[in-house]
Amino acid sequence: MWHDTGTGAWVSPAGLTVQPLGHIESPEGKRRIRNLIEVSGLMDHLVQLRPRPATEAEILRLHTVEYVQRIRRMSAKSGGEAGEETPFGPGSYEIALLAAGGCLTAVDAVLDGEVDNAYALVRPPGHHAEKDRGRGFCIFSNTALAAVHARHARGLSRVAIVDWDVHHGNGTEHAFYSDPTVLTISIHQNNNYPPRSGAITDIGSHAGEGFNINVPLPPGSGVGAYVAAFQRVVAPALEAYRPELILIASGLDASAMDPLGSMMLTSDGYRRLTQIVLAVARDVCGGRLVACHEGGYSPAYVPYCGLAVIEELAGKRTGLEDPLLSLLAGFGGQEIQPHQEAVVDEAAKLVARLLTAATPPRIRGDPE
Ligand SMILES: [Zn+2]
């Protein structure tokens, strides 16, 4: 919560052109998820895990020495800009290590059977970070680092990442683009952020060909389109790949209330997506599922989406109602539309391709 993104105007520095606001990537949404879990009573049914910081060696599994040293140096002074649209203040290096380490802690707790599944409510987010620069508020590649940890430190053969953040998970895609041992699936708003990223035709390369799936849904997509994408693309892809662990890059910015997305999800929509992924996880990997928090910029609404996801993970309904559900139902447009279905149809063909791709790799004990 102490990661300081400073002031800005929307996602850009305010400069002298307009009055500064607090930066849109702020602690508030995350803090309010935590507080709603507390107030709803759900916390009584959860096991709280204390995160450890990731080590520099763990970060270097995906990031360059030059980049990591630069962030550490700047963070020790007054902070600065990690790359593109990723401002940070003093101390953010250590906080970013804690965010990545929180995801690793969650993976270990699930693989060790300490908990059934886990939600790592971390900040800053990670899925836009590239190996040599920060992007889109992300410093280190938290979810991707969790996958690498599961593979290399814990010896898993196959890990899958499902990214339901409204933006494309470009950093995650790049980390595993030629790697068939991590299946990456991103469902995002077409051409939101980053620009020209996340095309349906980007399917991976070399040995990784077929193991990257992008579902770039049109703006305005709601629960119907998302559920169709999860039932017809995500679930069958996971069934075909049979990962030993499923990670969710859990952006809550595909909601109808989000200022950085133009999608229509509700808390109930997020609940249904969680149910679909959980059912597959139970089928293919003993329910081993870790969600790593990514984006979500409506401090008013992300708490209800987060509560719905975590209620499903915990298998416990608190009865606390989302007071905005009826308002959002009144917007209409939640049924899948033909132009949205066309994208799902196209993406479903990639699953058929995945089925005919090389047998999922079964490699153990790869060198680091
Ligand atoms: Zn996002």
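These numbers come from the heavy atoms of this one structure, side chains and all, not from hydrogens, waters or symmetry mates. Ligands are counted one by one from 1 in listed order, and the atoms in each one are counted from 1 as well. Computed from a predicted structure; not experimentally measured.
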For D253, the N, O or S atom at the shortest distance from the Zn ion (ligand 1) is OD2
ask   = Does F137 have its ring centroid less than 6.0 Å away from the ring centroid of Y297?
value = yes
Given the rule in the side chain to side chain donor-acceptor pair (under 3.5 Å) test, do T172 and H127 qualify, once you have shown the distances and angles that lead to the verdict? CA-CA 6 Å; T172 312; H127 73 151; 5.3 Å; no
Atom name of the N, O or S atom of H167 nearest to the Zn ion (ligand 1) is ND1
Result for ring pair (Phe, Tyr, Trp, His ring centres under 6.0 Å) between F211 and one of Y241, F176, Y177 points to Y241
Among N, O or S atoms, D165 approaches the Zn ion (ligand 1) most closely through OD1
So does R272 have more than 12 non-hydrogen atoms from other groups sitting under 6.0 Å from CZ?
no
